[in-house]
Amino acid sequence: MKILVPVKRVIDYNVKPRVKADGTGVDLANVKMSMNPFDEIAVEEAIRLKEAGKAEEIVAISVGPTKAQETLRTALAMGADRAILVETDAEVEPLAVAKILKAIVGEENPGLVILGKQAIDDDSNQTGQMLAALLGRPQGTFASKVEIDGDHVSVTREVDGGLETVRLSLPAIVTTDLRLNEPRYASLPNIMKAKKKQLDVKAPADYGVDIAPRLKTLKVSEPAVRSAGIKVADVDALVAKLKEMGVA
Amino acid sequence: MKTLVWVEHDNASVKDATLSAVTAAAKLGEVHLLVAGSGARGVADAAAQIAGVGKVHLADDAAYEHALAENVAPLIVDLMGHHDAFVVPATTTGKNIAPRVAALLDVAQISDILSVEGDKTFTRPIYAGNAIATVESSDAKLVITVRGTAFAKAEATGGSGVVEDVSGAGDAGLSSFVGAELAKSERPELTSAKIIVSGGRALKDSETFEATILPLADKLGAAVGASRAAVDAGYVPNDYQVGQTGKIVAPEVYIAVGISGAIQHLAGMKDSKTIIAINKDEDAPIFQVADIGLVADLFTAVPELTGKL
Ligand SMILES: Cc1cc2nc3c(=O)[nH]c(=O)nc-3n(C[C@H](O)[C@H](O)[C@H](O)COP(=O)(O)OP(=O)(O)OC[C@H]3O[C@@H](n4cnc5c(N)ncnc54)[C@H](O)[C@@H]3O)c2cc1C
Ligand SMILES: Nc1ncnc2c1ncn2[C@@H]1O[C@H](COP(=O)(O)O)[C@@H](O)[C@H]1O
């Protein structure tokens, strides 16, 4: 079985995003960029399935600017076998990403596509579900456990009330949640080896996908800021405050 | 505009998250509901009582019992033939289903809306809530998920909706439900609680978390939450996680105990009315958003606080 893993280049999760003064977006100039954390978990899961003999090949895919090659090299250094960059400087919405991925699935015929549940920049949480819809395939979203048995996959999902397990027929789409695994760091030798792995560069037009946005961003603004309040000296003072508020 | 609102339920009763989605939908136009479930007529009857609701579509079929997206999405797409917007609470169920519907309709989804600014214009948080985008849709139909904390709850009673049976294709034959481990708790639900006590990595292990946080929560009649670090370390189950990728809460009072205040955690609780933080590090970022801060060792401060309430 082949596994496709879409990985997005996003602002590093340790960086506090700043809204541009002109209200057109978030300032990404000279900001540290990394692989979306949920996608690292997706890459790790694919590697573990390969190590367990359940998969033969892992293909990492990114839709984004030239620099997204770095993100793909990270996936290759972790253990993906080859990569495809669908290059564009435009911001591509989840629906268009899903359409590009659908076309690649058509060419590659993977048994599984493992995506992150959410990109930490747009916070959409859509692409995996959309891809599953376009392909008419089952979806196991927010996965904390993935088990392949024959031509099915069991996915334990993190849901609001706790955990839920579904059984999907393969081929299927899975999206990762935080507890699925702890991604490995790429070793130096593997980083060197990754430089030689195959990385194809394509364009959205190669897949016949129109990436024109459906949503127009009219403005991006700062959220209401909370200012720091007071510090109390001890527990008695805190109790007094709670009583004042009518909480206790 | 005619909206179709997904009713969140457990085949027995309507979940509160539905009520905020109804409020958001009412800003767009007529509100119709969809109850997809199994043996869910009682839910439909209750949903018909929600103030301001018109038709309640009831799709009662074993295939809809667990709201499997593969099964319910085609049903919704059919109903969208005569609705203009599909409006869903941003719960894990809603987030699972809505994008599948949007893609089948070939429209963009607008996730987690905070406000309705016009017929096709909404605000939504991006970058863990560190920026708010105002977006306008150019699609013929809308698919929207609604952040529960951003909209008041519609009244659960006083309405006079009419229940109408609908049927869909049922089981798509792609997926099946195996089982669930749902937490049973006497405590208030996180997303609707008035007071929340949350614990972080500092709580050491599950016994210490329980011995320290639960008595305080009990005294206050509070729900219990946690940071990702506390969940990852196994102190509490995953459904306790508050944050960018966990639950979004906005109680009257949020008490953060031994939580540093990473942006991903703040994203889930910074709209709380009053934030109280107990942390031994006076420079912890949580104090930048806390209305009341206590710099102290939680292992002495929390038992003392519990004792004095
Ligand atoms: C993709 C992604 C998504 C994430 N989503 C979430 C999310 O939804 N929710 C979330 O919470 N996090 C999330 N995180 C994790 C987040 O970045 C932080 O790692 C996490 O919130 C830290 O948890 P913490 O505050 O409990 O632990 P720490 O950061 O380790 O803080 C522990 C705090 O306890 C204090 N302390 C220690 N001992 C004591 C004592 N005896 N008395 C008093 N105080 C004490 C310390 O001073 C410190 O401030 C996410 C991260 C990523 C990458
Ligand atoms: N531009 C992209 N390139 C590759 N993968 C993407 C891209 N956008 C989204 N994805 C995948 O879809 C997941 C969910 O993203 P989103 O729907 O934008 O929150 C991500 O975690 C990635 O796995």
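Protein chains get the first letters and strands the later ones, always in sequence-line order, with residue 1 at the start of each. Note: hydrogens, waters and symmetry copies are ignored here, and every other heavy atom, side chains too, is used.
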Test your reading of the model: is there a side-chain donor-acceptor pair from D123(A) to the backbone of A128(B), 3.5 Å cut-off?
yes

Contacting moiety of T274(B), where chain A heavy atoms sit under 4.5 Å:
both

Give me the contact list for residues 286-293 of chain B versus chain A, heavy atoms only, anything under 4.5 Å, ordered by residue number.
F287(B), Q288(B), V289(B), A290(B), D291(B), I292(B), G293(B)

What part of R124(B) gets within 4.5 angstrom of chain A, counting heavy atoms only: side chain, backbone, both, or neither?
side chain

Proximal component of L220(B), with respect to chain A [non-hydrogen, under 4.5 Å]:
side chain

Main-chain N/O of T141(A) paired to K95(B) side chain as donor or acceptor, under 3.5 Å:
no

Who in residues 19-37 of chain A is close to chain B, using a strict under-4.5 Å heavy-atom cut-off?
V19(A), V26(A), L28(A)

Close contacts, residues 104-112 of chain B versus chain A, judged by heavy atoms under 4.5 Å
L104(B), D106(B), V107(B), A108(B), Q109(B), I110(B), S111(B)

Considering only heavy atoms, give the residues of residues 102-115 of chain A separated from chain B by less than 4.5 Å, sorted numerically, with 'none' for an empty result.
none

Any idea which of R179(A), E158(A), E164(A) has the most non-hydrogen atom pairs under 4.5 angstrom with chain B?
R179(A)

Considering only heavy atoms from C-beta outward, does the side chain of L266(B) approach that of R226(A) to under 4.5 Å?
no

R100(B) pairs by side-chain hydrogen bond (donor to acceptor under 3.5 Å, both in side chains) with which of Q129(A), Q139(A), Q126(A)?
Q139(A)

Kindly say whether R214(A) contributes a backbone atom to a donor-acceptor pair with the side chain of S138(B) at under 3.5 angstrom?
yes

Counting only heavy atoms closer than 4.5 Å, note whether I276(B) contacts chain A via side chain, backbone, both or neither.
side chain

Name the region of L242(A), side chain, backbone, both or neither, that has any atom closer than 4.5 Å to a heavy atom of chain B.
side chain

Quick one: what part of E189(B) sits under 4.5 Å from any heavy atom of chain A, side chain, backbone, both or neither?
neither

